[in-house]
Structures are given as C-alpha cells and as structure tokens.
Amino acid sequence: MKRTEIKYLLELIDFGKDINVKGWVRTKRISKNVAFIALNDGSTIKNVQIVVELNKETEKILEHIYTGAALSVDGVLTESLGKGQKVEIQAKNIVVLGEANPEEYPLQPKKHSLEFLREKAHLRYRTSTFSAIARVRHAMIFALHKYFNDHNFYNIHTPIITGSDAEGAGEMFQVTTLDLENVPKTEDGKVDYRKDFFGKPANLTVSGQLEGELAALALSKIYTFGPTFRAENSNTTRHLAEFWMIEPEMAFYDLNDNMDLAEDMLKYVIRYALDNCMDDLLFLSKRQQEEEKNKKAEQRSMELIEKLQFVLAEPFVRLTYTEAIRVLMNSKPNKKKRFQYVIEAWGADLQSEHERYLVEKHFKRPVILTDYPADIKAFYMKQNDDGKTVKAMDVLFPQIGEIIGGSQREENYDKLYKRIKELNIPESSMWWYLETRKFGSVPHSGFGLGFERLILFMTGMTNIRDVIPFPRTPLNLEF
RNA sequence: GCCUCCAUAGCUCAGUUGGUUAGAGCAUCUGACUGUUAAUCAGAGGGUCCUAGGUUCAAGUCCUGGUGGGGGCGCCA
C-alpha cells in the first residue's frame with residue numbers, strides 16, 4: 001500500500017478507507033483494552049493517533065514500540081472517538097521498521113533543554129521545536145527565491161573559494177592542500193604558495209557581493225543565496241562561522257530604491273510564513289511563551305504571530321546616522337550614563353545597546369539607519385557630497401539587531417581607487433572589481449541579509465545555533 | 001579576544017552554616033485502570049555528586065588547575 005503523509009492524512013474525510021502511514025513514535029499509552037500511539041512523520045507538526053486493539057499478537061509488537069521507534073502502519077481511516085483529533089488510524093498491521101531502545105534513546109516525551117538538544121544535534125530534528133524550525137526555514141528559503149524570481153532577479157552562484165583576501169568583511173578561513181607538517185618555503189623563508197593548489201593563497205568567501213556586482217552590471221538585478229564563512233572568534237547568540245546570506249545587487253538602484261527593496265522583501269517573506277506556516281508558528285509561539293513565563297512582564301517578548309503582523313503593519317522608520325546620534329544624545333539612558341558606551345559626539349560607532357534603544361524603546365518598530373560616517377564602513381560604499389558620510393544602510397530589528405547591511409556602491413572609478421589606496425587594499429586583488437567602474441559604470445546598490453538572523457526573528461528562538469541544522473562556531477565541529 | 005555564571009540519577013532540578021544511608025518529578029521496570037491526549041494511580045530499580053589536586057576530624061557543599069556548557073560584550077550578517 002502506498003504511504004500517505006500525515007499532513008494530507010489529517011485532512012482526509014473518506015472514513016473506512018485503508019491507508020498506510022509511516023513515521024516515528026512520539027508517545028505510546030497503554031490501557032486495559034487498547035493502546036494509543038502518537039506517530040509523526042515530519043510532514044507537519046501534528047501527530048496522527050494510531051489505535052491498537054490489545055490481543056496476544058499486538059501486545060507482542062507493542063513491546064518493541066517506544067518513543068523514537070520507526071513504524072509502518074496499515075489500518076483504517078476512522079473518525080476519532082476521542083477529543084483532540086478529528087481522524088485516527090485503527091491499526092490492522094504494524095511493522096516496526098526501526099526500534100529505539102528506551103534505555104539508550106536520549107529523547108523522552110517531555111521538554112528538553114535547548115542546550116541538551118544542541119549536544120544531540122543528530123537527533124534534535126525529531127523534536128517538535130526543531131522540526132518546526134526546519135519547516136519554517138525551508139519556507140523562508142522558498143519564499144526568498146520566489147520573491148526574487150517574481151521581481152525579475154537572477155540567482156547567481158558566486159564562488160565559495162576565493163583568491164581575494166580583501167572582500168572587506170572579516171577574518172577568513174584559509175583553504176590549502178599544502179602539507180601543514182611540511183610546508184614548502186621560498187628562498188626568503190616564506191610559505192611558497194606557488195606549490196599550493198591554486199598557485200596562490202585561497203580562502204573561503206566572506207561575501208559574494210563583489211562578484212554579485214559584476215553580474216548586476218550586466219544582468220541588472222541579481223541575487224546570491226549561499227554559504228558564507230567568517231573566521232572571527234565571535235562567541236555570541238547571533239554569530240556563526242558558517243552561515244547563509246542573501247545578497248541582492250541591483251544596477252540603476254540608489255539608496256532609496258535599495259531600502260524600498262529591503263523592506264518589501266522582508267515583509268513579503270514574513271507574510272509568506274504567516275500564510276503557509278501557521279501550525280508551526282503557533283507551536284513556536286507557545287514554546288516561546290512557556291520559556292518566558294518566569295520572566296517579568298516587561299522583559300517578555302511580544303507574542304510571535306502578533307510581532308510578525310506588527311512588522312507588516314507599519315512602515316519601517318528611516319533616519320540618518322546623524323539624526324540617530326541626536327536622538328541618542330538626547331535620550332535618558334545616555335544623559336544618565338546608563339549606556340555602557342555613552343555617546344559623546346558624532347562619529348561614534350553604534351553599539352548593540354544603542355541600536356536596541358532606537359528599535360525597542362524609542363521607535364518601537366524596525367529602523368533603517370543610513371548615511372554612516374565613512375570611517376566606520378567598508379571601502380566600496382558610495383561617498384556622499386559632504387565628504388564625511390557614505391550611502392550605507394543597516395536594517396535593525398527588535399531583539400536581533402542588524403539583520404541587513406547594505407549600501408549604494410561607489411561607481412566613480414577615481415573615488416573608489418583613492419579609497420582602496422587609503423585603506424592599503426592590494427590593487428592586485430581588486431583590478432577586476434575596479435574595471436567595472438572603468439567600463440560602463442552605473443549607479444548601483446545592494447545588501448546582505450543574514451538568513452539565520454531572519455530565522456531567529458521568524459521563530460522567536462534566541463540562539464542562532466538552534467536555527468541552522470549544523471552550527472559551526474569556535475571550538476564546535478561535532479556534527 | 002574580554003567579562004560572568006553553571007556542572008548532582010537517562011532528562012529537568014532540589015540539596016540549609018561543611019556533619020549519619022544524597023532527594024523529587026519525568027523516563028525505565030512491575031501491577032492496576034472502560035478511549036487515552038506529554039493519560040492517571042500504586043510500587044521497584046537506578047548515583048564515579050564533571051575531572052585532578054588541596055584545606056579539614058569530616059567535602060556534593062570551601063580553594064586551585066583542567067574539561068564541558070550557558071549568558072553578556074566586542075567584531076558583524
């Protein structure tokens with residue numbers, strides 16, 4: 001018999017029909033005459049209830065069925081006699097596909113801590129929380145591709161291994177086939193990279209932006225969606241050494257067009273989740289409220305669905321760095337020196353406490369900050385006429401902080417060249433990038449969206465290690 | 001990289017000022033129960049108190065190192 005996935009099975013109404021269902025046992029309950037098995041196959045957060053009449057034969061099979069076991073069940077679709085579900089399966093034949101010894105299987109029908117599950121990352125998708133996150137994550141991947149496809153963007157695969165060591169976004173992981181026990185040296189004692197695989201040093205990419213710009217200056221609108229690697233020793237709940245980034249890049253877009261796109265894209269994918277993932281979002285909402293029930297009222301998060309709808313309802317606040325500094329300098333925590341870093345003058349880099357104040361306390365909605373001082377931003381950002389600021393934009397979300405960083409790019413060859421020289425970036429690694437400003441250069445813009453940070457926001461999770469299947473962080477490479 | 005907190009049964013945790021045989025709920029096992037919803041009820045088994053030293057008549061409890069983990073900050077997405 002062909003298997004029916006639980007997601008579809010629960011919608012069926014043709015009672016009396018023979019059906020096959022396969023999945024993993026969540027709980028087993030045995031009474032005097034009948035046993036109930038809650039079976040989940042991951043197609044939905046919901047379980048299907050398998051009803052087993054007790055007799056000598058079924059009692060023998062039930063001895064092998066515990067939480068975590070994999071079953072194939074043939075039975076009859078029936079209207080449920082019990083409360084809590086509309087349909088259930090009256091089992092005719094149960095095959096145990098894979099047992100799960102209860103003395104060894106670590107997951108129990110109870111709440112586990114996220115820390116414990118992180119150490120059982122190979123099994124954690126069998127929990128409701130992690131399967132819900134996985135489904136929401138998938139929906140967000142799909143929605144992002146759909147959004148860009150529907151808006152005439154082309155997806156570009158930018159390289160994962162790069163010869164450029166100056167992408168300007170952070171520390172890089174080196175890629176080499178040299179024998180580290182016996183590194184070939186040049187006459188003056190340095191590593192002889194001519195003997196390495198590429199004949200020169202190679203790294204894992206920290207951003208596909210520079211290559212994305214090349215494509216945008218031919219295809220008009222492109223986006224990348226790929227893995228990104230940062231070798232920074234960051235130990236926080238919002239950083240990974242390997243994460244996924246979406247980087248659209250658009251010719252003929254100025255900073256305002258860029259902001260419009262970022263806001264529209266974020267609202268589209270949030271709406272997509274509300275339209276397509278409600279079961280999972282409701283579960284995640286309950287989970288979050290359960291988690292926070294011991295917190296004081298003012299420290300609790302807004303309910304998840306309400307929070308997502310709230311972001312859709314209002315336009316994001318847009319203000320310049322200069323205006324933000326004014327707001328912060330006039331703010332209570334700054335005047336009373338409650339900030340760890342008190343803002344004293346224009347030019348200060350904003351810390352996460354300042355970003356959170358603007359988003360969570362002052363404006364109480366997402367904020368796009370623009371026109372930052374050139375000194376605290378990357379070399380490729382378009383310089384403003386004031387000679388001090390650049391056309392940068394950061395989208396700040398409550399709890400997450402910076403979810404998007406982007407800018408209008410400097411399209412003027414001389415200005416870009418001067419900036420590269422000022423920052424001592426080797427011209428030899430940038431010649432191809434500079435050539436785009438030499439031939440048919442046009443104003444263009446783009447941004448990077450940290451995908452896992454978006455998933456944090458969508459799921460109400462608080463640690464980025466819980467929204468990616470296999471988190472890579474300093475000193476952590478078990479799975 | 002900096003600061004801070006934690007480690008007790010398979011899991012979540014309690015364990016008073018250092019003091020006899022280290023406890024609870026869930027899980028497991030046995031039994032009861034008219035169809036249960038993380039079922040319920042009764043009972044049983046289950047411990048290298050992370051690890052190595054130290055202080056003390058006495059250490060789960062105090063001190064030092066190590067290991068593992070959480071949180072905050074910086075860097076950023």
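The structure displayed is predicted, hence computed values, not measured ones. A note on names: the letters A, B, ... follow the listed sequences, proteins ahead of strands, and every chain is numbered from 1.
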Revision key, fill the gap. Per atom distances to the Q351(A) side chain, the nearest of rA39(B), rG74(B), rU12(B) is rG74(B)

Please measure how far the [atom1] atom in [N] lies from the corresponding atom in [M], and state the result in whole Å.
N       : M       : atom1 : result
rG18(B) : rC62(B) : P     : 8 Å
rC57(B) : rU20(B) : C1'   : 15 Å
rG23(B) : rU61(B) : C1'   : 15 Å
rC29(B) : rC73(B) : C1'   : 50 Å
rU16(B) : rG60(B) : P     : 12 Å
rG54(B) : rG15(B) : C1'   : 24 Å
rC6(B)  : rU17(B) : P     : 16 Å

Point to revise | Pairwise side-chain contact, H354(A) with I343(A), heavy-atom cut-off 4.5 Å (strictly under) | key: yes

**Study point:** Pairwise side-chain contact, Q408(A) with N258(A), heavy-atom cut-off 4.5 Å (strictly under)
**Key:**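 SC-SC contact between Q408(A) and N258(A) ruled out.
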
Check your understanding: Is R356(A) salt-bridged to E353(A), cutoff N-O under 4.0 Å?
Key ->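 Looking at R356(A) and E353(A), the cut-off is not met.
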
Check your understanding: Taking for each residue the nucleotide of RNA chain B bearing the nearest heavy atom, is the 5' side occupied by K83(A) or by E103(A)?
Key ->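 The answer here is E103(A).
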
Check your understanding: Any donor-acceptor pair under 3.5 Å between the side chain of R453(A) and the base of rC76(B)?
Key -> yes

